Visitor: 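One structure follows; several queries about it will come next.
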Number of protein chains: 2
Amino acid sequence: MVVNALSALAQSVRLQAFRALVVAGAAGLTPGAIVESLGVPANTLSFHLKELNFAGLVTQQRIGRNIVYRVDFNQMNALLSYLTENCCAGAACVVVSQRTDCVC
Amino acid sequence: MVVNALSALAQSVRLQAFRALVVAGAAGLTPGAIVESLGVPANTLSFHLKELNFAGLVTQQRIGRNIVYRVDFNQMNALLSYLTENCCAGAACVVVSQRTDCVC
DNA sequence: TCTATATTTCTAGTAATATAGAAACATGGA
DNA sequence: TCCATGTTTCTATATTACTAGAAATATAGA
């Protein structure tokens, strides 16, 4: 649901973490790396990553002792598209092109 | 601030009102019209429109007894751009073009 | 000036969310 | 098997946000 995705992003720690993941792209980031750059306790970050995951904005993949988080760009595109959908009743507007792998 | 804009949109009544305003485009909508389509009490909608206004996402203009609300598309574009800024560290990505009057 | 209409502000009760300490869990390596 | 590392879950407290009734404000028209 769109409200859930927006709620997930509407919080400072989560927005910063998400933006870091957007920049990281397909490589993703571990909680440890994000903790280091944001300076929040590991359990606090874990709570917020869980929220992002629950909202469908990021994915998890365990690799050894680490868990790699990545942005789900399809979900992100869907969110951005939703906000502009049917803008100005479709008049005088150019439809936003669909992108599948990345928002850029 | 981006978190404030996202918080403003991260609530069902506000998201619905905002989307209606996006569709309405430059014409905008009155609270009365939005109340009618969403079916919420006028004071509740007023509270939420104030939040959207405070977040800089919409503008107000009094016309006679009515107040016309309109999306501030520049703010909306800035918000969408922020989320994709520096995506994938800029590699293999096409920069999103800047639009000034409308998000479409 | 009086009344109707449109919208906002005040208020209080209820619910949801953020934070971080402590403990638990999972994995890899000695 | 035992320990170190990385991450999550449990828990409690504090803060913030949603809702809607009632009252107040602003404008237009008779």
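Order of the sequence lines sets the chain letters (A, B, ...), proteins ahead of strands, with each chain counted from 1. Source: prediction; values computed, not measured.
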Visitor: Just verifying a value: how many Å separate A/T59 OG1 and A/L21 CG, rounded to the nearest 0.5 Å?
Guide: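 Nearest 0.5 Å value for the OG1-CG distance: 9.0 Å.
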
Visitor: Can you give the dot-bracket line for DNA chain D, where a pair is Watson-Crick or G-U wobble with both atom distances under 3.5 Å, crossing pairs use [ ], and | marks a partner on another strand?
Guide: ||||||||||||||||||||||||||||||

Visitor: Taking the side chain as every heavy atom from C-beta outward, state whether A/L49 and A/Q60 have any atom pair closer than 4.5 Å.
Guide: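 No, too far: nothing below the 4.5 Å cut-off.
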
Visitor: For DNA chain C, determine which residues of residues 27-35 of chain B have any heavy atom closer than 4.0 angstrom to one of its atoms, and list them numerically.
Guide: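 Residues of residues 27-35 of chain B under 4.0 Å from DNA chain C: B/T30, B/P31, B/G32.
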
Visitor: With B/R19, which residues qualify under salt bridge (Lys or Arg N to Asp or Glu O under 4.0 Å), at least two apart?
Guide: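 Checked B/R19 against salt bridge (Lys or Arg N to Asp or Glu O under 4.0 Å); matches are A/E85.
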
Visitor: Closer than 4.0 Å, any side-chain N/O of B/Q60 to the OP1 or OP2 of C/dT8?
Guide: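 Yes, such a contact exists.
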
Visitor: How many angstroms lie between atom OG1 of A/T84 and atom CG of A/L79, to the nearest 0.5 angstrom?
Guide: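 One gets 10.0 Å once the value is rounded to the nearest 0.5 Å.
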
Visitor: Got a list of side-chain donor-acceptor pairs under 3.5 Å for residues 1-17 of chain B, not counting sequence neighbours?
Guide:
residue: B/S7; atom: OG; partner: B/V3; partner atom: O; Å: 2.9
residue: B/Q11; atom: OE1; partner: B/V13; partner atom: N; Å: 3.0
residue: B/Q11; atom: OE1; partner: B/R14; partner atom: N; Å: 3.1
residue: B/S12; atom: OG; partner: B/Q16; partner atom: NE2; Å: 3.0
residue: B/R14; atom: NE; partner: B/A8; partner atom: O; Å: 2.6
residue: B/R14; atom: NH1; partner: B/H48; partner atom: ND1; Å: 3.0
residue: B/R14; atom: NH2; partner: B/S7; partner atom: O; Å: 3.2
residue: B/Q16; atom: NE2; partner: B/S12; partner atom: O; Å: 3.3

Visitor: Assign a letter to each nucleotide of nucleotides 25-30 of chain C from its 5' end: B, base within under 4.0 Å of a protein heavy atom; S, sugar-phosphate only; -, no contact.
Guide: --BB--

Visitor: Kindly state which residues belonging to residues 2-20 of chain A come within less than 4.0 angstrom of DNA chain D, counting heavy atoms of the residue only, listed by number.
Guide: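 Here the set is empty: none.
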
Visitor: With clusters built from Ile, Leu, Val, Met, Phe, Trp and Tyr whose side-chain heavy atoms come within less than 4.5 Å, directly or transitively, what are the remaining members of the cluster of B/F47, listed by chain and number?
Guide: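 Other cluster members: none.
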
Visitor: Whole angstroms only, please: what is the NZ-P distance between A/K50 and C/dT17?
Guide: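 From A/K50 NZ to C/dT17 P: 13 Å.
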
Visitor: Give the residues of residues 39-49 of chain B touching DNA chain D, defined as any heavy atom closer than 4.0 Å, sorted by residue number.
Guide: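 Contacts with DNA chain D under 4.0 Å: B/P41, B/N43, B/T44, B/F47, B/H48.
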
Visitor: Checking the side chain of A/R62 only, and the main-chain atoms of A/G64 only, is there a donor and an acceptor separated by less than 3.5 Å?
Guide: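 Checked: pair present.
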
Visitor: Which pairs would a plain distance check flag for residues 22-42 of chain A, meaning a side-chain donor or acceptor within less than 3.5 Å of a matching protein atom at least two apart in sequence or in another chain?
Guide:
residue: A/T30; atom: OG1; partner: A/A33; partner atom: N; Å: 3.2
residue: A/S37; atom: OG; partner: A/I34; partner atom: O; Å: 3.2

Visitor: Going by side-chain heavy atoms closer than 4.5 Å, which hydrophobic residues are tied to A/V68, directly or by a chain of links?
Guide: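 A/V68 shares its hydrophobic cluster with A/I63.
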
Visitor: Kindly give the cluster partners of B/F54, where membership spreads through any ILVMFWY side chain lying under 4.5 Å from a current member.
Guide: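 Traced through the cluster, B/F54 reaches no other member.
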
Visitor: Taking 5' to 3' order, which nucleotide of DNA chain D is first and which is last to have an atom within less than 4.0 Å of a heavy atom in chain B?
Guide: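 The protein-touched segment is D/dC18 to D/dA28.
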
Visitor: How many angstroms lie between atom CG of B/L52 and atom CG of B/D72, to the nearest 0.5 angstrom?
Guide: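 If we round to the nearest 0.5 Å, B/L52:CG and B/D72:CG are 11.5 Å apart.
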
Visitor: Quick one: is B/Y69 getting a side-chain N or O under 4.0 Å of the C/dT8 phosphate, OP1 or OP2?
Guide: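 Result: yes.
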
